[in-house]
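In what follows, a structure is listed as structure tokens, so that the remarks can point back to it.
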Number of protein chains: 2
Amino acid sequence: MEFKLNFDINEKIYLRNPESSEIGKLMIKKAIDLICELGFEQFTFKKLALEINSTEATIYRYFENKHRILLYILNWYWCFMDFLFTVKLENISNDREKLKLIIKLLSNEFLDNLYHNEYNKIYLNKIVIAESSKAYLVKDIIEINKNEVFKPYKDLSGKIADVISLYNPNYKFPRSLSTTLIETSHNQQFFSMYLPKLTDDIHHNGSEFTRSFLEDFVFKILD
Amino acid sequence: MEFKLNFDINEKIYLRNPESSEIGKLMIKKAIDLICELGFEQFTFKKLALEINSTEATIYRYFENKHRILLYILNWYWCFMDFLFTVKLENISNDREKLKLIIKLLSNEFLDNLYHNEYNKIYLNKIVIAESSKAYLVKDIIEINKNEVFKPYKDLSGKIADVISLYNPNYKFPRSLSTTLIETSHNQQFFSMYLPKLTDDIHHNGSEFTRSFLEDFVFKILD
DNA sequence: TTCAAATAATAGTAATACTATCAAAAATAA
DNA sequence: TTATTTTTGATAGTATTACTATTATTTGAA
């Protein structure tokens, strides 16, 4: 049995909700494929239009620009991760185990085929690793942030910070440690793939290496 | 007395060495100002040409594209940091003090007016924080990396890793910890400026906060 | 079935990311 | 100093991107 996951993505990200039509859903699906394949810089609405047998004009009715599509995809991912955290952590009472599981999820061992096969999760993952920082490293970050488009990321980071504080109430930097975990999981996976000299991943097993690095440092910090 | 710092930047980054002419030097100087002011995405050769009272064609004779200018600037910065590390660490025998100083330098407390006032170091710093990941988060990273354009970054990271290993020879992830320090120093400073909820920097003093977070982080991991 | 909404097809504009040409100016070598 | 090479400035041009606008057609909901 499969479930259809649906998240309420912040309305300010889109002009028309892509979930509200078939072409809208196809748009997101193919955008994930294309951004993964071409990289965000080379990704254009024209190429996406071609892919979905439609026109640029149609896409522009859904999204102001390609940055908004990236935000939409990342928001969906963050909501998905939040959902995964909720589901997978609820039965676990031990805070140490919770942290271990969080790190496992951040290192992308969630790629099981449970839930929702609408979007290609492997592609989604590559996008998160290689493109997610481009969502916030923009000149108009202040304006964009006013629309709460980073709320799902902040919520997710907040949840991890809560577990950190539960595990060690005396630790002074739960939020910063939380974002460091998230961002470092992306960085180390990227580096181990493309710039391995920047890591200690001698066996080239990216996500497994990242997991062990993150687990080691989190517990050294919190114990 | 002031010194003129000169680093040998990898020849594959440029078509013609900007250090070899007045207009070339002005090009880099103004590129730093413009990238800082407009952000890398909005920065164009046309705008830079206008700024240096020249033409796009002239700039294209020095650099293939704007990504190469970014790489040039970052290479200069990494060489500069390497130089700073060498100079400031040579008198220090205590490895713990060395690590502390490294963290201080990574948190941008190097903005003294010693050495070289050619480039605006405050701007340079903002570029490193907000734009440096765009140098490697590109689709053609594999091709680009073949030209050794990230060597200064790898060397710098390697030096930090060496100090880490000297301080604690049993620690298993010196390189990954080193890059995590570098990248986290950028992230936390950016977040504390624009997305403060992602940090614990309640007093909004960016680089001082980053220093204390990283120092706590490193010594809990290594002690 | 009728009517509003969404889409496709097409056109067009301003800006970007280049490439090419050639004359003028500057640097350098004889 | 003049001659020669190199670099620059001025100009032009192309393909692509990032949009906006218009209208005819299709779809779908009342």
Side-chain angles (χ1 to χ4, degrees), chain A residues 11-31 33-35 37-73 131 134-135 137-140 143-144, chain B residues 11-31 33-35 37-73 131 134-135 137-140 143-144:
Chain A
E11 293 185 5
K12 280 167 184 162
I13 291 178
Y14 50 76
L15 299 171
R16 192 187 303 277
N17 189 346
E19 279 295 318
S20 72
S21 72
E22 286 312 308
I23 202 159
K25 286 178 217 167
L26 188 64
M27 208 175 278
I28 300 300
K29 203 171 171 170
K30 291 287 181 185
D33 296 352
L34 271 183
I35 291 173
E37 186 191 331
L38 307 170
F40 185 62
E41 285 73 26
Q42 309 307 314
F43 166 76
T44 68
F45 277 7
K46 189 153 217 160
K47 289 170 186 168
L48 179 56
L50 206 81
E51 201 71 19
I52 62 172
N53 292 311
S54 183
T55 60
E56 283 179 275
T58 297
I59 300 169
Y60 275 108
R61 263 180 239 113
Y62 285 83
F63 293 98
E64 243 179 274
N65 51 53
K66 69 177 182 173
H67 184 258
R68 295 298 168 123
I69 286 200
L70 180 62
L71 270 176
Y72 184 92
I73 293 168
E131 321 289 358
K134 295 170 191 168
L137 292 178
V138 290
K139 201 59 197 177
D140 52 348
E143 269 308 299
I144 290 175
Chain B
E11 292 183 7
K12 281 167 184 161
I13 292 178
Y14 51 75
L15 300 170
R16 190 187 303 278
N17 190 345
E19 279 295 317
S20 73
S21 73
E22 287 310 309
I23 202 159
K25 286 179 217 165
L26 187 63
M27 208 175 279
I28 299 301
K29 202 171 171 170
K30 292 286 180 183
D33 296 351
L34 271 183
I35 291 173
E37 186 191 331
L38 307 170
F40 186 62
E41 287 73 24
Q42 308 307 315
F43 166 76
T44 68
F45 277 8
K46 190 153 217 161
K47 290 170 186 168
L48 179 55
L50 205 81
E51 201 70 18
I52 63 172
N53 292 308
S54 182
T55 60
E56 282 180 274
T58 298
I59 301 169
Y60 275 108
R61 267 180 230 113
Y62 286 82
F63 293 99
E64 241 179 276
N65 52 50
K66 67 177 184 172
H67 184 258
R68 295 300 168 120
I69 285 199
L70 180 62
L71 270 177
Y72 184 91
I73 292 169
E131 321 289 356
K134 295 169 192 170
L137 293 178
V138 290
K139 201 62 197 176
D140 52 348
E143 268 309 298
I144 290 175

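Throughout, protein chains are lettered first and strands after them, A, B, ... in sequence-line order, and every chain is numbered starting at 1.
Side-chain atoms of A/Y14 and A/E19, non-hydrogen and from C-beta on, never get closer than 4.5 Å to each other. Annotation: side chain of A/E131 is not in contact with side chain of A/I73 (no heavy-atom distance under 4.5 Å). Between B/L48 and B/M27 the shortest side-chain heavy-atom distance falls below 4.5 Å. Considering only heavy atoms from C-beta on, B/L26 comes within 4.5 Å of B/K30 through its side chain. Put simply, the side chain of A/N17 reaches to within 4.5 Å of the side chain of A/Y72, judged on heavy atoms. By the 4.5 Å heavy-atom criterion applied to side chains, A/I144 and A/L71 are counted as neighbours. Residues A/K134 and A/V138 have side chains not in contact (no heavy-atom distance under 4.5 Å, counting atoms from C-beta outward). Contact annotation: the side chain of A/Y62 never approaches that of A/I28 to less than 4.5 Å [non-hydrogen atoms, C-beta and beyond].
Note on A/K47: a side-chain N or O is less than 4.0 Å away from OP1 or OP2 of D/dT17. Taking only side-chain nitrogens and oxygens, B/S21 never comes nearer than 4.0 Å to OP1 or OP2 of D/dT7. OP1 and OP2 of C/dA6 both lie 4.0 Å or more from every side-chain N or O belonging to A/S20.
Among the protein residues, A/Y62 comes within range of the sugar-phosphate backbone only, with heavy atoms under 4.0 Å from sugar or phosphate atoms but none that close to a base. Within the 4.0 angstrom heavy-atom criterion, only backbone atoms of the sugar-phosphate kind lie near A/E64; the bases stay farther away. Across all strands shown, B/K46 has no heavy atoms under 4.0 Å from either base or sugar-phosphate atoms.
The end-to-end axis angle of the helix from C/dT1-D/dA30 to C/dA30-D/dT1, rounded to 10 degrees and based on five pairs per end, is 20°.
As rounded to whole Å, 16 Å separates atom C1' of D/dT6 from atom CD of B/E22. Residue B/L38 contributes atom CG, which lies 15 Å from atom P of C/dA15 at whole-angstrom precision. Counting to the nearest Å, the C1' atom of D/dT17 and the CD atom of B/Q42 are 13 Å from each other. Following rounding to the nearest Å, B/I69 (CD1) and C/dC18 (P) show an atom-to-atom distance of 11 Å. With rounding to whole Å, A/I23 atom CD1 is found 10 Å from C/dA9 atom P. Residue A/F63 contributes atom CZ, which lies 12 Å from atom P of C/dT7 at whole-angstrom precision. The CG-C1' distance, from A/L15 to C/dA6, rounds to 14 Å in whole Å. Spacing between atom CG of B/N65 and atom C1' of C/dT19 amounts to 14 Å, rounded to whole angstrom units.
Contacts between residues 48-61 of chain A and DNA chain D, defined by a heavy-atom separation under 4.0 Å, are made by A/E56, A/A57, A/Y60.
Considering only side-chain atoms of A/T44, the nucleotide from C/dA17, C/dC18, D/dT17 that sits closest is D/dT17. Between C/dT16, D/dT7, C/dA6, one nucleotide has an atom nearer to the side chain of A/R16 than all others, and that is C/dA6.
B/F43 and B/F45 have perpendicular rings, their planes meeting at more than 60° on a 0 to 90° scale where under 30° would count as parallel.
Residues A/K47 and A/Q42 approach most closely at NZ-O, 2.7 Å, considering heavy atoms.
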